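Worksheet for the structure shown next.
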Amino acid sequence: MDIASLVGLIGSFAMIGGAMVVGGGLAPFFDVPSVLIVIGGTFFAAMYTTPLPTFLASFGAMSKAFLPPVKKQNVMIERMVELASIARKDGMMALEGQDVPDKFFEKGMQLLVDGADETKLVQQLNQEIKAMKLRHENNQNVVKAWVDLAPAMGMIGTLIGLVLMLGNMDDPKAIGPAMAVALLTTMYGAIVANVIFAPILTKLEGYTAYEVTYREMIVLGLKNIARGESPRNIQDQMISNLPPKMQAKMEAA
Amino acid sequence: MDIASLVGLIGSFAMIGGAMVVGGGLAPFFDVPSVLIVIGGTFFAAMYTTPLPTFLASFGAMSKAFLPPVKKQNVMIERMVELASIARKDGMMALEGQDVPDKFFEKGMQLLVDGADETKLVQQLNQEIKAMKLRHENNQNVVKAWVDLAPAMGMIGTLIGLVLMLGNMDDPKAIGPAMAVALLTTMYGAIVANVIFAPILTKLEGYTAYEVTYREMIVLGLKNIARGESPRNIQDQMISNLPPKMQAKMEAA
Amino acid sequence: MDIASLVGLIGSFAMIGGAMVVGGGLAPFFDVPSVLIVIGGTFFAAMYTTPLPTFLASFGAMSKAFLPPVKKQNVMIERMVELASIARKDGMMALEGQDVPDKFFEKGMQLLVDGADETKLVQQLNQEIKAMKLRHENNQNVVKAWVDLAPAMGMIGTLIGLVLMLGNMDDPKAIGPAMAVALLTTMYGAIVANVIFAPILTKLEGYTAYEVTYREMIVLGLKNIARGESPRNIQDQMISNLPPKMQAKMEAA
Amino acid sequence: MDIASLVGLIGSFAMIGGAMVVGGGLAPFFDVPSVLIVIGGTFFAAMYTTPLPTFLASFGAMSKAFLPPVKKQNVMIERMVELASIARKDGMMALEGQDVPDKFFEKGMQLLVDGADETKLVQQLNQEIKAMKLRHENNQNVVKAWVDLAPAMGMIGTLIGLVLMLGNMDDPKAIGPAMAVALLTTMYGAIVANVIFAPILTKLEGYTAYEVTYREMIVLGLKNIARGESPRNIQDQMISNLPPKMQAKMEAA
Amino acid sequence: MDIASLVGLIGSFAMIGGAMVVGGGLAPFFDVPSVLIVIGGTFFAAMYTTPLPTFLASFGAMSKAFLPPVKKQNVMIERMVELASIARKDGMMALEGQDVPDKFFEKGMQLLVDGADETKLVQQLNQEIKAMKLRHENNQNVVKAWVDLAPAMGMIGTLIGLVLMLGNMDDPKAIGPAMAVALLTTMYGAIVANVIFAPILTKLEGYTAYEVTYREMIVLGLKNIARGESPRNIQDQMISNLPPKMQAKMEAA
């Protein structure tokens with residue numbers, strides 16, 4: 001579990017729930033039809049924004065917002081530098097079967113082993129990165145649909161409640177509670193959009209940006225191995241992507 | 001029919017309709033002048049944003065949001081690889097009359113048969129893609145006009161209702177129902193924009209992005225056939241666009 | 001007159017006016033000071049966003065939203081192909097005085113007659129296109145100012161009305177009508193922005209995009225004449241910009 | 001003074017003030033603490049968005065929105081063509097000390113006199129343009145802060161007023177006037193943002209765009225002088241930036 | 001301390017606090033549960049938008065908005081010109097150990113000493129700049145999350161308060177104060193977003209833009225030293241980035 005997602009999600013719900021409890025208990029804040037119109041309505045409207053496979057895949061993508069990003073840039077750089085040494089000493093063929101920290105790295109290394117030249121290597125790996133970005137964007141567009149549609153559904157629900165209340169004001173005592181219920185969908189819409197899906201969206205976009213940088217660094221490293229650059233030179237170029245402190249640590253090593 | 005569009009559209013209307021029924025029936029939510037000002041007003045204002053042929057064409061474009069995307073990338077790649085083998089063995093002329101899965105592919109192949117070189121092929125096909133994007137954008141701008149204008153029309157309708165109600169408050173009992181009717185247009189505007197047209201817009205934009213990728217892959221394939229690349233090489237390059245699982249499946253085949 | 005602009009503008013006003021009439025006549029919806037603050041205030045604030053000549057020119061630009069786009073791409077392509085034949089047979093000088101469908105085309109053709117090479121031709125015509133885009137953008141920015149400022153003026157007007165009403169609540173019967181009048185400016189702002197100027201803006205942007213494509217096609221055609229390409233080849237390249245149906249029609253011809 | 005800015009600013013305030021006077025005099029619309037929280041609060045919050053020198057410089061930049069753009073493109077083109085003749089006849093050194101209409105032009109001409117080649121000339125002048133754009137953007141960001149923050153300050157002021165009013169509702173007669181005062185800050189915020197600063201921002205952005213085009217034309221002209229192009233050719237290229245009517249006038253001259 | 005940040009922050013709070021005090025003291029504006037839901041809720045929701053290390057790092061980044069930008073462009077240019085003289089006279093090795101005003105400059109100089117050619121130098125330093133921009137963007141995205149989420153949390157808090165109040169309207173005297181408390185969270189959200197975090201965000205974005213320009217100037221200078229350009233020429237190129245007044249001052253020196 002990614003600690004920030006977990007603590008963040010629980011914490012923000014605790015703050016909201018706490019305010020409810022302090023004010024008079026959770027009971028006044030639950031209403032089944034209101035939940036249905038906001039959650040259900042947004043679910044179906046979001047489904048309608050995209051082909052079904054993408055809609056289904058988006059839930060898997062969202063769950064990744066709760067997993068920590070496991071790929072470490074420094075570990076990958078170290079391994080790349082080792083591979084550069086091996087390739088320089090024993091040729092590209094010696095890279096066959098070497099352990100690498102992820103599949104994209106492995107695919108690129110295999111291209112080198114298969115004799116791909118620099119142009120082909122870069123072109124094919126960049127194509128992979130572009131396709132990955134497009135896939136991630138498709139999933140994130142579904143999350144964005146939740147963020148955009150939930151407040152609209154909340155507003156529609158509140159308008160339904162208001163129309164009903166205004167058309168039937170014989171009992172003045174009923175007005176307050178009816179309006180309270182009407183406002184619940186707006187509240188649900190704001191919570192669903194801002195406390196659940198908007199942070200997931202930002203987190204996934206951040207993860208994609210990180211993954212793109214990570215993969216571009218792999219392409220940079222493999223390109224230089226293909227060119228026969230010195231391991232030292234490759235390390236210098238790759239660590240330019242790291243924050244100053246990590247650079248210093250790696251240079252010291 | 002695209003299952004996600006159908007289920008999504010019906011489902012979100014069911015949620016909204018269900019909330020109405022549970023609250024007191026559908027009757028209080030229908031009002032002919034309110035429907036006219038929102039649907040009719042938005043219809044005419046949207047017509048006014050664009051030349052008439054584009055406005056009319058936009059309805060056809062919208063209907064595509066309910067059709068599934070039928071073009072399969074893997075089928076097209078397989079066919080491209082077969083054509084590459086044929087072209088390598090028997091020359092470009094042998095491509096004449098070959099079956100291909102869509103018209104854009106056919107047009108590109110015909111250019112090869114007619115002896116177009118790589119530059120001309122790429123230039124002309126990219127021009128086609130650019131023109132297609134522009135055409136789609138024009139249609140999508142009409143959908144966007146519905147999304148933008150419907151809430152505005154709803155608000156104008158509500159203001160008309162409020163002005164009428166406020167100018168005539170002699171009968172206190174009439175105020176509630178009059179205000180209920182005034183709010184209907186805001187509700188219609190929110191539904192028309194968010195439940196009908198916004199998802200259509202997102203879906204059409206997604207379809208266009210898919211079609212552009214699909215066509216760029218065709219250009220990539222044909223360009224490499226023109227260059228005389230090996231079928232194996234062409235497949236390697238093209239499948240970089242597919243998700244990892246589909247790549248593995250195609251490589252195994 | 002462009003039929004879509006005319007019908008659209010009249011139709012949307014008919015819908016709004018109809019809702020007013022059905023509700024109780026047009027009279028409650030007119031108030032001279034409210035008109036002045038919204039229309040007059042927006043007029044002056046929009047004037048202030050730009051130098052005077054641009055402000056004055058913007059009205060001419062807006063009137064173009066009511067004229068149909070008269071330039072036909074297929075007619076221009078046919079003429080270009082004919083000119084290519086003439087230039088190939090009799091040299092560039094033979095283009096002198098030939099009829100062409102518009103001034104930009106004429107200017108480009110004259111450059112060819114005057115012996116401009118491909119580079120000079122393309123550079124100068126692209127400069128023209130860029131300058132045209134900038135001029136159009138300047139005009140459209142004034143339209144955008146109307147769209148942005150009218151609702152703000154409407155809100156300011158409503159706040160003025162509310163402040164006056166709230167400061168003087170001795171006569172409870174006067175509150176309703178006073179608030180009705182206060183809301184009028186918000187309604188005017190919404191109508192001016194969404195029913196009048198927003199559609200004009202979208203339409204003008206569409207016209208500019210069309211004109212840019214049209215001129216880029218002329219540059220493409222003339223560039224190829226300068227290169228001495230075959231008329232057939234020039235037609236092939238130019239019709240890639242047309243929708244599939246028109247392409248088929250022109251190829252059949 | 002730029003006539004459009006002056007008339008526009010006075011005109012829009014006259015409309016707003018007129019509506020106030022017609023409704024009951026200006027007195028109800030002034031409240032010192034409300035002015036302080038909106039104008040003062042926005043002033044300090046805007047100061048906080050940027051380093052102090054930029055904040056101070058932004059007032060000078062804003063005052064330029066009231067000055068007309070004095071640089072005339074046609075005058076500059078004519079001078080450039082004359083200089084091209086001189087440079088062709090008597091060499092670059094003859095440009096020394098020639099009168100030119102502005103400092104940027106002078107700087108570029110001096111570079112030619114000092115023997116700069118085309119590459120150095122273009123690189124250095126483009127660097128100047130880029131730095132100017134950045135400086136202008138910094139100033140405009142302060143104006144944008146006023147536009148964004150004033151309505152927020154207005155809303156905060158209104159909320160303060162509402163909280164005070166709601167906490168003290170013993171005297172029903174005081175509620176109306178208290179709420180009237182509370183709304184004043186929202187009104188001030190809307191006026192400050194939309195009637196004062198938003199038009200200034202648009203105008204300054206337009207001026208910057210004009211200045212950039214103007215300077216790019218100078219770079220184009222000087223580059224061609226460095227290349228030794230004919231004065232006629234230079235004029236042809238430069239006037240492509242002018243509107244058709246001005247082009248015709250200059251060509252006739 | 002950056003004087004503008006300090007005065008700006010204190011000044012805008014003074015304006016808001018002043019309006020509160022004038023209206024009736026600060027007491028009605030404090031409510032612990034309201035503070036918790038806005039500050040606490042936004043804190044946790046913002047944490048959830050990003051991995052924990054970035055969330056923690058963002059506080060350090062925010063504190064920089066209160067520090068003045070210390071790097072002076074003119075000092076750096078002067079030093080660069082001196083180094084260019086040294087390098088020209090005594091070779092790159094003579095740059096070893098020279099004092100330079102910042103770490104990025106030092107890293108670039110060390111690359112020259114280590115014998116990096118122009119391409120490697122530029123590539124590696126640009127990589128550093130790109131990575132810095134990405135790191136800054138990550139931090140600024142957390143600030144942006146505060147700006148976006150605080151008003152949403154404020155609105156959720158107000159809705160909670162309204163629902164509680166509306167469900168319990170037996171005592172008419174309690175309605176006003178209950179609503180006053182409900183509005184507090186909206187007010188807190190507006191203050192947190194607009195008075196605290198929005199200006200910090202703008203300031204940090206400005207600092208990043210300044211730092212990028214500063215570093216690009218260093219790359220420009222070092223690149224020209226690597227090419228062996230004359231110190232005079234290097235100064236000419238670098239000062240093109242300065243405002244006209246500072247240019248004149250440096251040229252006079």
Side-chain angles (χ1 to χ4, degrees), chain A residues 2-16 18-20 22-24 28-29 65 68-69 151 173 175-184 186-187 190-191 193-196 198-203 205-207 209-210 213 220 233 236-244 247, chain E residues 32-34 36-56 103-104 107 111 114 116 120 123-128 130-132 134-135 137-138 141-142 144-145 148-149 151-153 155-157 159-170 175 185:
Chain A
D2 178 54
I3 199 83
S5 289
L6 196 67
V7 173
L9 183 60
I10 292 174
S12 43
F13 269 104
M15 290 294 149
I16 293 171
M20 289 172 176
V22 163
F29 298 98
K173 291 213 167 168
I175 295 178
M179 195 151 166
V181 172
L183 286 181
L184 284 182
T186 294
M187 192 187 81
I191 292 175
N194 294 292
V195 185
I196 303 181
I200 288 181
L201 180 57
T202 311
K203 190 148 214 164
E205 288 172 348
Y207 279 11
Y210 182 87
T213 304
L220 180 69
N233 210 332
D236 281 357
Q237 278 191 48
M238 291 183 81
I239 65 174
S240 301
N241 285 288
L242 302 182
Q247 284 192 27
Chain E
V32 173
S34 300
L36 276 180
I37 191 169
V38 176
I39 309 278
T42 309
F43 176 88
F44 285 114
M47 178 193 290
Y48 169 27
T49 63
T50 192
L52 198 56
T54 306
F55 182 67
L56 297 174
K103 295 216 157 175
F104 183 78
K107 170 152 200 176
L111 281 168
D114 294 349
K120 189 184 169 189
Q123 203 173 343
Q124 201 159 325
L125 293 181
N126 281 345
Q127 191 73 55
E128 293 262 350
K130 195 183 148 198
M132 181 199 72
L134 212 67
R135 275 199 312 280
E137 249 175 50
N138 283 343
N141 278 343
V142 181
K144 202 171 172 305
D148 291 344
L149 294 171
M153 282 295 168
M155 182 183 148
I156 291 169
L159 287 166
I160 291 173
L162 287 178
V163 168
L164 289 170
M165 180 201 87
L166 288 165
N168 184 13
M169 306 214 297
D170 298 334
I175 295 178
T185 55

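None of these values were measured; they are calculated from a predicted model. The figures here come from the full heavy-atom set of this structure, side chains too, leaving out hydrogens, waters and symmetry mates. In the text below, chain A, chain B and the rest are named by the order of the sequence lines, each starting its count at 1.
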Highest number of heavy-atom pairs under 4.5 Å with chain A among E:Pro33, E:Ala45, E:Pro53 belongs to E:Ala45

Contact check, side chains of A:Thr186 and E:Met155, non-hydrogen atoms, under 4.5 Å: yes

Quick one: closest heavy-atom pair of E:Gly41 and A:Met15, and the distance? N-CG, 3.5 Å

Rounded to the nearest 0.5 Å, how far apart are CE of A:Met20 and CG of E:Leu164? 8.5 Å

Tell me, do E:Gln123 and A:Gln237 make a side-chain contact under 4.5 Å, heavy atoms counted? yes

Checking heavy atoms, do the side chain of E:Lys107, its backbone, both or neither come under 4.5 Å from chain A? side chain

Quick one: CG on E:Leu159 to CD1 on A:Ile191, what's the gap to the nearest 0.5 Å? 8.5 Å

Return yes when atom NZ of E:Lys120 has more than 12 non-hydrogen atoms of other residues, nucleotides or ligands closer than 6.0 Å, and no otherwise. yes

Which bit of A:Leu201 is near chain E, if near means a heavy-atom gap under 4.5 Å: side chain, backbone, both or neither? neither

To check you understand the geometry: which heavy-atom pair defines the closest contact between E:Glu128 and A:Gln247, and what is its length? OE2-NE2, 3.0 Å

Hey, what do you get for CG (A:Leu183) to CG (E:Leu166), rounding to the nearest 0.5 Å? 6.0 Å

Chain E shares the most heavy-atom pairs under 4.5 Å, among A:Gly206, A:Ala178, A:Pro243, with A:Pro243

Do E:Ile156 and A:Val195 have side chains that approach each other closer than 4.5 Å (heavy atoms only, starting at C-beta)? yes

Minimal non-hydrogen separation, A:Lys203 against E:Thr50, with atom names: NZ-O, 3.1 Å

Closest non-hydrogen atom pair, A:Ser12 against E:Met153: CB-CE, 4.2 Å

Looking only at heavy atoms, the pair that brings A:Pro28 and E:Val163 closest together is O-CG1, 3.9 Å

Measure the CE-CG distance between E:Met47 and A:Leu9 for me, rounded to the nearest 0.5 Å. 11.5 Å

For chain E, which of A:Gly23, A:Ala65, A:Gly24 has the most heavy-atom pairs under 4.5 Å? A:Gly23

Go through A:Ile16, A:Val22, A:Ile3 and name the one with the most non-hydrogen pairs under 4.5 angstrom from chain E. A:Ile16

What are the two closest non-hydrogen atoms of E:Met169 and A:Gly176, and how far apart are they? CE-CA, 3.7 Å

For E:Leu134, is it the side chain, the backbone, both, or neither that has a heavy atom closer than 4.5 Å to a heavy atom of chain A? side chain

For the CG atom of A:Asp2 and the CG atom of E:Leu52, what is their distance to the nearest 0.5 Å? 7.5 Å

Relative to chain E, which segment of A:Tyr207 carries a heavy atom at a distance below 4.5 Å: side chain, backbone, both, or neither? side chain

Let's test your reading of the structure: which of E:Leu162, E:Leu125, E:Ile160, E:Thr185 forms the most heavy-atom pairs below 4.5 Å with chain A? E:Ile160

N/O donor-acceptor pair under 3.5 Å between E:Tyr48 side chain and A:Ile196 backbone: yes

Look up atom CG in A:Asp236 and atom CD in E:Gln127, then write down how far apart they are to the nearest 0.5 Å. 12.5 Å

